[in-house]
Amino acid sequence: MCQAGCGDEKIAGGQFPIRCETGVRNVNTELAKAYEPQEVEKRIYDFWMKGGWFHAEPDPNKKPYTIVMPPPNITGQLHVGHAMDETMPDILIRWKRMQGYSALWLPGTDHASIATEAKIVDAMKEEGLTKEDLGREKFLERAWEWREKYGGRIVEQQKLLGLSCDWERSRFTMDEGCSRAVRHVFVKLYEKGLIYRGERMINWCPHCKTALSDIEVEFEEQHGSFWHLRYPLADGSGYIELATTRPETMLGDTAVAVHPEDERYKHLVGKNVILPLVNREIPIVADEYVEMDFGTGVVKITPAHDPNDFEVGKRHDLPIINVMNEDGSINENGGKYAGLPGMEARKQIVKDLEAGGYLIKTEPLTHNVGACQRCHTVAEPRISTQWFVKMDSLAKPAIGVVKDGRIRFIPEERATKTYYNWMENIKDWCISRQLWWGHRIPAWYCEDCGEIVVSETDPDTCPKCGSKHLHQDEDTLDTWFSSALWPFSTLGWPDETEELKYYYPTDVLVPGFDIIFFWVARMIFSGMEHMGEIPFKTVCFHGLVRDAQGRKMSKSLNNGVDPMEVIEKFGADALRMCLVTGNSMGNDVRFSDEKVAASRNFANKLWNAARFIHMNIDGKHVPCVLPEAFSLEDKWILSRFQSVTKEVTENLEKFEVGVAASKIYDFLWDDFCDWFIELAKIRMNGPDQADAQNTRQVLCWVLSNTLKLLHPFMPFITEEIWQSLPHEGEALIIASWPVYDEALHFPEEEREMVKVMELITAVRTRRSEMNVPPSRKAHLYVETGNSAAFEAEREAICRLAYCSGLEIGESFSVDGAVTVVTAACKGYLPMDDLVDKAAEIARLTKELEGAKKQLANAEAKLSNETFIGKAPQNVIDGVKDNAEKLREKVRMIEESLKAFDTGC
RNA sequence: GGGGGCAUAGCUCAGCUGGUUAGAGCGCCUGCUUCACACGUAGGAGGUCACAGGUUCGAGUCCUGUUGUCCCCACCA
């Protein structure tokens with residue numbers, strides 16, 4: 001309980017004493033010298049949860065501010081990339097919440113159809129089970145169990161990171177509402193003719209046994225072979241030579257193509273060749289797709305297993321022979337090779353070709369091979385019946401809203417170019433997957449009349465023939481089909497909820513660059529199509545988090561960083577701060593323990609500043625309000641605080657989160673701790689009780705308000721300390737964000753204080769250069785035309801510049817003294833025994849040269865008429881001021897040198 | 001093949017629409033058992049802002065080219 005009996009209770013277990021409105025506090029002993037985040041973070045998070053401050057409701061008196069979380073996959077646990085995904089928005093949300101917005105930070109998880117299914121299949125393998133053994137229903141039961149287990153774990157980890165999400169509104173891409181939205185969209189697009197089913201060339205993963213969209217295929221450089229083959233002409237007049245990287249596909253060859261202009265082969269066009277091993281007669285066709293310069297200029301055409309060949313096949317009306325099973329093995333069309341797995345077939349076919357004399361040579365070749373994004377199995381192009389979204393009409397408005405600036409990308413140029421490039425060349429989106437875990441396609445086939453029924457509700461009868469024999473399409477939807485609806489499906493769409501009206505469109509999205517096509521682009525066209533409105537106003541792309549050597553984090557390198565370990569070791573605040581300081585949007589970030597340690601040190605610095613203040617206010621009546629009267633340094637720190645408040649707010653508005661963080665860091669460490677606290681010590685130990693009290697109040701006020709600025713970045717430690725200081729209001733998380741106050745801006749006093757600080761630094765530097773220990777004090781004479789600031793800070797100068805005494809005046813003549821010169825004054829330190837006159841003269845001469853050079857520079861500028869004519873006034877004034885200072889400095893140095901000459 | 005990023009101190013990186021003397025963290029060197037903090041404090045060394053041109057009164061910043069490096073898209077069998 002508070003000594004003053006105000007009844008205020010402490011947040012259980014805090015290291016600091018009770019919080020208290022009156023400012024009277026218990027005297028605290030035995031505070032840990034180093035900040036220990038583990039205990040604090042847990043307790044503070046509970047405190048926030050109990051306070052209900054993460055929850056947002058539509059409120060007509062407030063402006064909405066919305067961020068939806070990129071839903072992490074439920075495949076496992078959080079990695080440091082997620083920490084990046086989530087820290088940035090959490091900073092923005094906490095900031096906006098403090099600014100009084102109804103700030104909604106909407107979390108959730110993604111069912112991640114293919115990724116999750118693959119994991120479950122792997123896990124089942126260990127039990128010796130396959131999907132088919134279990135059957136669809138049992139498999140889905142397992143999947144939901146998986147979701148319970150891992151979805152929950154992710155949320156726990158996000159809480160440890162300090163995310164201030166509205167957990168009550170947490171969503172899952174396969175929950176009831178999202179599933180309804182998915183069906184609604186599917187039916188709507190189908191009815192508009194924007195979803196169709198058809199037989200097309202698609203990418204197929206033989207391992208996952210499903211179709212993939214184009215962007216789910218990643219090209220990897222592989223070392224392979226280039227087999228040069230000879231196909232005999234049917235008329236026995238010779239051979240035609242060609243080369244291939246996939247000899248097994250020859251089983252499905254239905255032609256050989258050459259370029260129509262190729263003189264070497266013109267005479268052969270129209271003739272036939274005998275396909276070796278298969279003995280099928282296939283034509284030689286002419287097609288411009290063939291590049292004359294590559295290989296022999298002859299291409300074998302396999303329309304069923306190559307997208308280009310498929311096109312050639314269409315142009316020449318070639319038969320399509322599918323020779324591959326779902327698992328990549330050769331099917332019955334492969335004759336004697338039927339049943340062989342792809343690689344086996346390749347080996348056997350090469351062997352047989354060689355034996356038959358059809359193999360000319362084998363060359364090594366590095367080429368790009370498409371692989372499944374999930375399992376990295378080589379993807380096979382394959383003809384198959386799938387569902388597609390027709391893209392061209394959807395892409396147009398999605399390009400438009402970025403072009404006209406309704407949606408802004410950051411970094412702008414880089415992101416928009418990438419986006420346009422993709423959107424403008426977009427192909428139809430293959431959305432069906434031969435998987436079980438996901439949204440099942442809402443299409444039913446009538447077994448009697450063949451009618452396809454696409455419906456939001458499960459149909460009983462065929463609307464065409466009335467048959468009851470309907471079966472649902474076996475396939476599920478691409479996992480991104482549901483995440484594309486995330487910004488509005490999570491707000492209740494297709495219902496017209498209050499939330500949807502209030503919070504949509506959302507404000508910012510903070511995704512990684514890697515999902516610009518998968519997710520960002522698709523949300524944009526979905527938002528436009530279904531809501532008629534953009535899904536978000538700004539997209540801030542962040543870069544990749546790399547390891548200390550700059551390598552991509554990957555399982556194979558085992559260089560991934562577990563954010564939970566980092567939090568355990570350094571604290572969540574340190575991790576969060578580390579992820580944003582010194583970074584700019586869109587650029588990759590290197591992660592190292594040293595970097596987190598730097599942020600941890602900052603937390604500790606803050607902790608100790610608070611500890612110092614507690615040592616001075618505990619047990620005393622210190623309200624956290626500004627005093628009536630300010631000293632020079634009070635005005636200086638308050639004025640600095642105003643500037644920082646203004647700048648940090650502006651930086652956040654421009655999403656310059658890294659710059660904002662460094663400004664708070666510098667202010668707190670350099671200005672507040674290294675200068676203001678040091679100055680405060682003098683005043684609080686001095687005889688002037690009123691001034692000592694004022695000092696305490698200013699210390700409290702500045703720290704308390706700086707905590708507000710820092711809170712979005714380092715929420716835990718700031719809340720902990722803020723609660724321990726005299727404060728108004730329940731919690732820092734809902735305190736008002738500081739607003740720039742002109743009444744507390746003192747530019748003149750700031751400049752005066754800087755003069756004093758420059759003198760102190762100059763003296764310290766000179767002493768340090770001469771290796772004088774702080775214990776050895778020296779008298780200081782300060783020569784200045786304007787003594788007010790130096791007089792006001794007399795005590796400070798003595799203490800911080802290690803003076804035994806201080807005299808301030810217009811002119812001194814001091815023998816055997818070390819001289820320091822700043823822009824505003826000259827100081828003498830009589831240290832006869834330490835003064836090496838020759839060295840002093842050399843040093844002063846060097847300094848004079850430097851000053852003269854700078855002065856000449858400035859004067860040259862000022863005498864340049866075009867500069868005066870064209871440069872803005874503030875720049876000219878700056879140069880003028882600087883020249884004036886330099887002239888004074890030159891004069892003072894010259895004077896000192898003269899004194900040495902005359903020996904006085 | 002097309003597009004883009006990056007190149008600034010020993011290392012990792014900031015540097016907004018061009019504007020006074022280019023900054024930070026870490027590392028390094030030198031003082032300091034100063035009554036918040038050695039996860040500290042006070043100083044110091046260290047940069048031709050990749051290279052070559054150009055625009056401008058003025059360029060780390062804008063333009064062109066060159067080199068190195070990384071990424072994205074396309075996918076020549």
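Letters A, B, ... mirror the listed sequences (proteins, then strands); counts begin at 1.
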Legend entry - Plane angle bin for A:F602 and A:W669 - parallel if under 30°, tilted between 30 and 60°, otherwise perpendicular: parallel
Inset, instruction - Give the ring-plane orientation class for A:Y35 versus A:W607, where under 30° counts as parallel, over 60° as perpendicular and anything between as tilted. - result: tilted
Legend entry - Residue whose nearest RNA chain B nucleotide is more 5′ - A:S584 or A:P872: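 Of the two residues, A:S584 wins.
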Legend entry - A:N583 or A:W422, whichever maps to the more 5' nucleotide of RNA chain B: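 The residue whose closest nucleotide sits nearer the 5' end is A:N583.
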Partner residues of [X] under the side chain to side chain donor-acceptor pair (under 3.5 Å) criterion, sequence neighbours left out:
{"X": "A:D593", "value": "A:K569"}
{"X": "A:R230", "value": "none"}
{"X": "A:T706", "value": "none"}

Inset, instruction - Determine which bases of RNA chain B form Watson-Crick or G-U wobble pairs with both distances under 3.5 Å, and write the result as a 5' to 3' dot-bracket string with | for other-strand partners. - result: (((((((..((((.....[...)))).(((((.......))))).....(((((..]....))))))))))))....
Say we look at [N] and [M]: how far apart would their [atom1] atoms be, to the nearest angstrom?
{"N": "B:A38", "M": "B:A45", "atom1": "P", "value": "27 Å"}
{"N": "B:C57", "M": "B:G4", "atom1": "C1'", "value": "34 Å"}
{"N": "B:U61", "M": "B:G53", "atom1": "P", "value": "14 Å"}
{"N": "B:A52", "M": "B:U12", "atom1": "P", "value": "23 Å"}
{"N": "B:C63", "M": "B:C29", "atom1": "C1'", "value": "43 Å"}
{"N": "B:C75", "M": "B:U69", "atom1": "P", "value": "26 Å"}
{"N": "B:U20", "M": "B:A36", "atom1": "P", "value": "39 Å"}
{"N": "B:C71", "M": "B:C26", "atom1": "C1'", "value": "27 Å"}

Carboxylate-amine/guanidinium proximity below 4.0 Å for [X] and [Y]:
{"X": "A:K853", "Y": "A:E849", "answer": "no"}
{"X": "A:E412", "Y": "A:R414", "answer": "no"}
{"X": "A:K654", "Y": "A:E650", "answer": "no"}
{"X": "A:R683", "Y": "A:E795", "answer": "no"}

Check side chain to side chain contact (heavy atoms under 4.5 Å, CB included) between [X] and all other residues, then give those that pass, not counting sequence neighbours.
{"X": "A:E311", "answer": "A:K314, A:R315"}
{"X": "A:D253", "answer": "A:Y231, A:M250, A:L275, A:I282, A:K300, A:T302"}
{"X": "A:T765", "answer": "A:T761, A:E769"}

Sub-4.0 Å heavy-atom contacts from [range] onto RNA chain B, ordered by number:
{"range": "residues 657-667 of chain A", "value": "A:Y665"}
{"range": "residues 359-371 of chain A", "value": "A:N368"}
{"range": "residues 876-888 of chain A", "value": "A:G878, A:N882"}

What pairs of nitrogen or oxygen atoms, one from the protein and one from nucleotides 3-5 of chain B, lie under 3.5 Å apart?
residue	atom	partner	partner atom	Å
B:G4	OP1	A:K417	NZ	3.2

Under 4.0 Å between any heavy atoms, over every strand shown, what does [X] touch: base, sugar-phosphate, or nothing? Just pick one.
{"X": "A:Y289", "value": "base"}
{"X": "A:K427", "value": "sugar-phosphate"}
{"X": "A:P411", "value": "nothing"}

Over how many whole Å does the gap from [X] atom [atom1] to [N] atom [atom2] extend?
{"X": "A:K889", "N": "B:U20", "atom1": "NZ", "atom2": "C1'", "result": "14 Å"}
{"X": "A:Y420", "N": "B:A74", "atom1": "OH", "atom2": "P", "result": "19 Å"}
{"X": "A:E758", "N": "B:U21", "atom1": "CD", "atom2": "P", "result": "16 Å"}
{"X": "A:F513", "N": "B:C71", "atom1": "CZ", "atom2": "P", "result": "15 Å"}
{"X": "A:Q373", "N": "B:C72", "atom1": "CD", "atom2": "C1'", "result": "14 Å"}
{"X": "A:R230", "N": "B:A77", "atom1": "CZ", "atom2": "P", "result": "23 Å"}
{"X": "A:K853", "N": "B:U21", "atom1": "NZ", "atom2": "P", "result": "12 Å"}
{"X": "A:E769", "N": "B:G43", "atom1": "CD", "atom2": "C1'", "result": "8 Å"}

Inset, instruction - Flag the pair A:N616 / A:L699 as yes when at least one side-chain heavy-atom distance between them is below 4.5 Å, and no otherwise. - result: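 They are not in contact (no side-chain heavy atoms under 4.5 Å apart), so the answer is no.
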Legend entry - Minimum side-chain heavy-atom gap A:N368-A:E220 below 4.5 Å: no
Legend entry - Heavy-atom protein contacts under 4.0 Å, nucleotides 30-42 of chain B, coded B base, S sugar-phosphate only, - none: S-S---BB-BSSS
Legend entry - Nucleotide nearest A:N864 when distance is taken to its side chain, options B:U21, B:C72, B:C57: B:C57
Legend entry - Minimum-distance nucleotide to A:A871 side chain [options: B:A77, B:C75, B:G19]: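 So the side chain of A:A871 is nearest to B:G19.
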Looking only at side chains, do [X] and [Y] share a donor and an acceptor under 3.5 Å apart?
{"X": "A:H259", "Y": "A:D287", "answer": "no"}
{"X": "A:N421", "Y": "A:T418", "answer": "no"}
{"X": "A:N651", "Y": "A:E647", "answer": "no"}
{"X": "A:Q222", "Y": "A:H367", "answer": "no"}
{"X": "A:R590", "Y": "A:N583", "answer": "no"}

Inset, instruction - Measure from the ring center of A:F612 to the ring center of A:H614 and say whether it is less than 6.0 Å. - result: no
Inset, instruction - Would you please test A:K885 and A:E888 for salt bridge (charged side-chain N to carboxylate O under 4.0 Å, His left out) and show each step? - result: CA-CA 5 Å; A:K885 278 185 190 166; A:E888 180 62 12; over 6 Å; no
